[in-house]
Amino acid sequence: MSGSATVTTRSAPRSERPAEAGGRRPRWTRGRIVLLVVALLLTAAWLLPLAWAVATSLKPEGDTTKTPLSWIGSRVTFDAYSKVWESGDLMIWLMNSAYISVMTTLLTVVTCAMAAYGFTRTDFRGRRLLYGLVLAGIMVPPQVLIAPLFREMVQLGLVDTYWGVILPQVAVPAMVFILVKFFEGVPRELEEAAFVDGAGRWRVFWTIVIPLSRPVLAAVAIFTFISTWNNFLWPFLVTTDPGGMTLPVGLVNVQSTFGVRYAQIMASLVIAGMPLLIVFAFFQRQIVRGIAHTGLAGQ
Amino acid sequence: MTSTTAAAPTPVAKSAGHAAGRPARGVRRKWTEHGLVFIAPFFLVYAMFLIWPLISGLGMSLTSENITGSGGEFVGLDNYAEAVRDPEVWSSLWNTVWFTVLSTVPLVVVGLVLALLAHQLQVVQWLWRLSWFAPFLLPSGVVCLLFLNMILPSDFGLADQMLAAVGLTPEIGWLTDERYAMLSIVATTVWWTVGFNFLLYLAALQAIPAHLYEAAELDGAGAWNRLLHITLPMLRRTTGLVVVLQVLASLKIFDQVYIMTGGGPDESTRPILQYVYQQGFTGYRIGYASAVSYIFFALILTVSLVQPLLSRRRAEEAAK
């Protein structure tokens, strides 16, 4: 029993959990049980708002404002969900958010990976100057550009379009920096062999460098997707037509129309929060590693 | 002039790079062989949507332009002079800094405590990640509306009902009383984003070599001593990083305030970004809004430039 547990911990890759791989599983001492209780209490506190949202969304509208608090209404009903769904807006915003986030992520990964390869493996007049400009851009928070960026969008006729939301989120200099750091560590010998065989830069990039960098590209993609999906300020500024809004913007816009129908508000929040939580349930490891990677390399 | 000097050393490097890269000299060069081709797509978007607005915004801040781009007259530094004298700029800057101070401490400390707990326990990691990190994946709109509807309605809101359950009926205006509005926003932010710092700390904890602990244990160091003399010192770099990332993130607060209080009560929670938004987008003074943006930008640049200097000096002192 304990033997098998040790075997599994030992077989875990060292780099991933050195603490576990290095030692035995700690025993359940009194101190450790206290820690567990504290952790469980904090978990309960963190899950409470989510539980409350789900509970309220399942009540009949008339029960949501009753006191004292009861977690279950007079009956469990999905009325609020079907009402929210029928109104249709939420579905449109979900699709908008999905389209915008997927396009932004694809464009970001491809353009940043190409740029990072160009900066690490090719040379041309002005390369250092351009890289200097990219590095300097890491210091610029997009939030300070809202006024000039909006005017530019007016001039380009991109207000209330998908491209108006997508384009300003694509060129993220920090992502180029992360990829440059990674490419610098990829041994050149792998590429040299392909060059000898007659492959050009373009083919080497797509058939050797890109497959080799899958983990770091996944990290960049995950980070970009999460931040685009959740971005509020820019989509809020550049979309005025409800049909073109992303999920977060649409929700805030509609809060007033729901008025005090709490069950419906909570149902729409549950629906809106679901997609990334489901993705998280499936890709916990990759997401956690991606955040840790990009977060740590971000500086 | 400057560009020629900057580019001067490259031709040499270029020919060297090419000779090494492609032994087949006779083959005609395809367009994809040029490095600029790889950088062009990124740089085009980058120039259009970062470099250009950065420059044009600076230009705009010197005009009396409105949002449609018409009626702009060159006014020199008038906008900046006005902004410095504008009490609303100072109060919203202060609100921004105050929020940053109030939120950074719990976000770093709680993040560290959660990471220590999860790392120490080594069981049900998925549960800790789900409950502490998953809120970070929710859009700000979802989080803020959830908390807004949970704490704002008095009597039947969750916050008041929890207090009622333990016999208190404090009648607190969580978001309508100046004394509590900012704290409510801070609490919402901690619940929502602490998971990011939790993950960074967890990654750092897992990278501490186990033999350090084993050695300390052999020397008879208790859990408390190991935490104090091994774990915390080993986390110093991570803490520096987490603090800077957190300060920079907190300074950019907009969503929570806009959605939960609209800047109120009595503008006591309005951050600088919301003032920029109000001046530029609802007040149509986009030239003035740009000037305020650049003042805010100067604040952010100062923070991000001062930190590396501080940490370098600390590193030098440690090396001595």
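All chains are named by letter (A, B, ...) in the order of the sequence lines, taking the proteins before the strands, and each is independently numbered beginning at 1.
Among B/Ile300, B/Val45, B/Leu145, the residue making the largest number of heavy-atom pairs under 4.5 Å with chain A is B/Leu145. The residue among B/Gly59, B/Gly287, B/Ser56 with the most heavy atom pairs within less than 4.5 Å of chain A is B/Ser56. Residue with the most contacts toward chain A among B/Tyr294, B/Phe296, B/Tyr213, B/Trp52: B/Trp52 (heavy-atom pairs, distance under 4.5 Å). With chain B as partner, the option from A/Ile146, A/Ile226, A/Val204, A/Val270 having the largest number of non-hydrogen pairs under 4.5 angstrom is A/Ile146. When the candidates B/Ile39, B/Leu148, B/Val142 are compared by the number of heavy-atom contacts under 4.5 Å with chain A, B/Ile39 comes out ahead. When each of B/Gly141, B/Ala289, B/Gly195, B/Pro139 is checked for heavy-atom pairs under 4.5 Å with chain A, B/Pro139 comes out on top.
For B/Val110, the part lying near chain A is the side chain, with the backbone staying farther off; criterion is any non-hydrogen pair under 4.5 Å. Contacts of B/Leu305 with chain A are made by side-chain atoms alone, with heavy-atom separations under 4.5 Å and no backbone atom involved. Heavy atoms of B/Leu138 lying under 4.5 Å from chain A belong to its backbone as well as its side chain. Only the side chain of B/Phe43 has a heavy atom closer than 4.5 Å to any heavy atom of chain A. Interface remark: B/Val194 contributes side-chain atoms only to the contact with chain A (heavy atom separation under 4.5 Å). Interface residue B/Pro135: only side-chain heavy atoms are found under 4.5 Å from chain A.
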Inset, instruction - Please assess B/Phe133 against B/Trp128 for the test ring-ring contact (aromatic ring centres under 6.0 Å, His included), listing each intermediate value before the final yes or no. - result: CA-CA 8 Å; B/Phe133 173 69; B/Trp128 318 132; over 10 Å; no
